[in-house]
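Numbering of residues begins at 1 and proceeds along the displayed sequence.
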Amino acid sequence: MQIFIYKEEYFYDKILSSSKALIEETIRDKDKFYKEKKIPKKNGDRTLFCLKKDCPLSKVQQNIRMNFLNKISIPDYVYGFVPNHSYKDFLLPHTNKKYYIRLDIKNFFDSINSEILSEIFSYYFQVKDVVNDVLLHQFIELVTLNDKVPQGAITSPIISNIIFRQLDLRIRKYCAKFNITYTRYADDLLFSSDNPYLHKDFFIKKIKYIVSTKGFQLNKGKVRYDKDFISLNGFVVEKNIRLSRKKLKNISNTLFILERYKNKFNLNIVLAEINKIQLKKEISSISELINYLAGYRSFLIQLLDKENLENFENKKILKYINRIQTAIIFLDSQ
């Protein structure tokens, strides 16, 4: 599916669902609609700029995403920020390969500025005369903060996929020459093959050059070379996909603590024990603990092979899902 903007009225009425005057006012006030949020990570914090709930810009960005951005096609080997696609789907094409490389784009969202937005999205704005530049400028103002696509905004994830689309196509075409499989999940680029060329320095140099043509850089510290299997974000990719022991360790320990204190439940003691595990985020209440367990349950459910539930790996996952469900029901009753 493809979409173009040919008329000014169409832009305001059908894309933004707002008047020109209200859009101009929203752009003037856009800075005050964002709130800063810190997300802990291994080396410090990640800063998100999220829109305040029900603010005018939030509604406009939702309309932009639904009426415009969602109608721009992206390659079918892109999985991040795509409905009905998971991290497991991103990994599946790479099973049973000999060589693996994972590359990471440095400062993914911050690398997308107004200049590259104008270059890419001018293709979709085809209104005659000077009005076209005005509408394109307004669109860019509505989806940026401080001249960047803010990580945390409603429109930013799908915009990143659209901006990277040309690079995805070039990378895929290059990989096809050497029988190399390529998929992308947000800023993670994964490659696999039985061809040893994948581990040659020239391959990474070529990918580095391709992404640089749109202002992106590879993160040198996150390059991963692996042979026979690769472990990423708790998944191990080899003949099949399975959970790593490290990924299961935290949830195993959390469930063990809850089960040990079930008959003599004391919230303060339980939370103190759980937080000693060194989870990514400290848990300070029953509701946060339930949310943590529910999130892990969802993660495990998406890993299930629903066509082969009786295999060993699925049975192990189902056992954890059932234990988590029991723990959630218990905590809900407290």
Side-chain angles (χ1 to χ4, degrees), residues 1-37 47-75 78-85 108-168 184 186-187 214-215:
M1 183 183 294
Q2 206 62 281
I3 184 171
F4 297 98
I5 297 169
Y6 290 104
K7 294 182 179 180
E8 182 178 11
E9 295 81 4
Y10 180 81
F11 178 67
Y12 293 112
D13 296 343
K14 301 298 182 181
I15 302 296
L16 305 182
S17 299
S18 185
S19 68
K20 183 177 181 180
L22 285 175
I23 292 301
E24 290 173 347
E25 181 181 345
T26 300
I27 290 172
R28 285 197 301 270
D29 296 336
K30 72 174 182 177
D31 288 9
K32 71 181 185 182
F33 298 136
Y34 285 95
K35 57 182 178 182
E36 190 173 312
K37 183 178 181 181
T47 301
L48 303 183
F49 292 94
C50 303
L51 287 170
K52 297 175 182 177
K53 188 177 180 181
D54 296 328
C55 72
L57 184 55
S58 174
K59 294 177 182 178
V60 170
Q61 284 199 5
Q62 288 173 19
N63 290 332
I64 290 174
R65 181 179 64 182
M66 179 175 61
N67 300 327
F68 179 41
L69 300 176
N70 282 350
K71 297 180 180 180
I72 298 175
S73 62
I74 57 172
V78 174
Y79 295 92
F81 317 126
V82 178
N84 302 316
H85 286 66
F108 188 51
F109 286 96
D110 284 346
S111 300
I112 305 173
N113 57 27
S114 296
E115 183 179 351
I116 189 66
L117 285 170
S118 180
E119 176 188 336
I120 298 299
F121 280 95
S122 60
Y123 172 73
Y124 303 99
F125 285 77
Q126 300 188 10
V127 183
K128 293 182 180 180
D129 303 323
V130 71
V131 175
N132 188 75
D133 292 337
V134 172
L135 299 187
L136 178 59
H137 174 75
Q138 287 187 334
F139 164 75
I140 292 172
E141 285 292 323
L142 290 167
V143 300
T144 58
L145 179 68
N146 300 324
D147 196 44
K148 306 282 186 180
V149 169
Q151 187 172 3
I154 294 166
T155 49
S156 295
I158 190 167
I159 282 177
S160 70
N161 279 341
I162 294 168
I163 293 296
F164 215 85
R165 179 178 181 273
Q166 292 181 7
L167 302 179
D168 285 322
R184 182 173 63 82
D187 54 359
K214 296 298 180 188

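How far CD1 of I159 is from CZ of F68: 9.0 Å, rounded to the nearest 0.5 Å. Interatomic distance, E36 CD to F49 CZ, rounded to the nearest 0.5 Å: 4.5 Å. In this structure, CE in M66 is found 13.5 Å from OG1 in T155, a value given to the nearest 0.5 Å. To the nearest 0.5 Å, the span separating OG on S160 from CZ on R184 amounts to 6.0 Å. We find the CZ-CD1 distance between F4 and I72 to be 9.0 Å, quoted to the nearest 0.5 Å. Taking SG of C50 as the reference point, atom CD of Q151 lies at 9.0 Å (rounded to 0.5 Å).
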### Message
I116 vs E119, test: side-chain contact (heavy atoms from CB on, under 4.5 Å). Steps then yes/no.
### Response
CA-CA 5 Å; I116 189 66; E119 176 188 336; 3.5 Å; yes
#### Entry: side-chain contact (heavy atoms from CB on, under 4.5 Å) evaluation trace for V149 with F109
CA-CA 6 Å; V149 169; F109 286 96; 4.1 Å; yes
### Message
Is there a side-chain contact (heavy atoms from CB on, under 4.5 Å) between I23 and L142? Walk through the geometry before answering.
### Response
CA-CA 9 Å; I23 292 301; L142 290 167; 4.1 Å; yes
### From CA spacing to verdict: side-chain contact (heavy atoms from CB on, under 4.5 Å), S111, K214
CA-CA 9 Å; S111 300; K214 296 298 180 188; over 6 Å; no
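Between V134 and H137 the shortest side-chain heavy-atom distance does not fall below 4.5 Å. Residues F125 and N132 have side chains in contact (heavy-atom distance under 4.5 Å, counting atoms from C-beta outward). Looking only at side-chain heavy atoms (C-beta outward), L69 and F121 come within less than 4.5 Å of each other. Residues S122 and L136 form a side-chain contact, since some pair of their non-hydrogen atoms from C-beta on lies under 4.5 Å apart. Counting heavy atoms from C-beta on, the side chains of Q61 and R65 never come closer than 4.5 Å. Using a 4.5 Å cut-off on side-chain heavy atoms (C-beta onward), F33 and S58 make no contact. Using a 4.5 Å heavy-atom cutoff, the side chains of Y10 and V127 are not in contact.
Results of the side chain to side chain contact (heavy atoms under 4.5 Å, CB included) test with I162 over L117, I112, I120 single out I120 as the only residue that passes. For the side chain to side chain contact (heavy atoms under 4.5 Å, CB included) with Y12, the lone residue among E9, K14, E8 that qualifies is E8. Each of N63, I64, L135, N67 was scored for a side chain to side chain contact (heavy atoms under 4.5 Å, CB included) with L16, with one residue passing: I64.
No close placement of the F139 and Y124 rings is indicated, their centers lying 6.0 Å or farther apart.
When atom types are taken as modelled, the side chain of S118 and the backbone of S114 share no donor-acceptor pair closer than 3.5 angstrom. In this structure, the side chain of S156 does not engage the main chain of G152 through any donor-acceptor pair within 3.5 Å. No donor-acceptor pair under 3.5 Å is formed between the side chain of K30 and the backbone N or O of L57. Listed for the Q166 side chain is no donor-acceptor partner under 3.5 Å among the backbone atoms of I163. Not one N or O on the side chain of D110 forms a donor-acceptor pair closer than 3.5 Å with the backbone of K148.
Heavy-atom contacts from other residues, nucleotides or ligands closer than 6.0 Å to NE2 of H85 number more than 12. In E115, the CD atom is not crowded: 12 or fewer heavy atoms of neighbouring residues, nucleotides or ligands sit closer than 6.0 Å. Within 6.0 Å of atom NZ in K59, 12 or fewer heavy atoms from other residues, nucleotides or ligands are found, so the atom counts as exposed in its surroundings.
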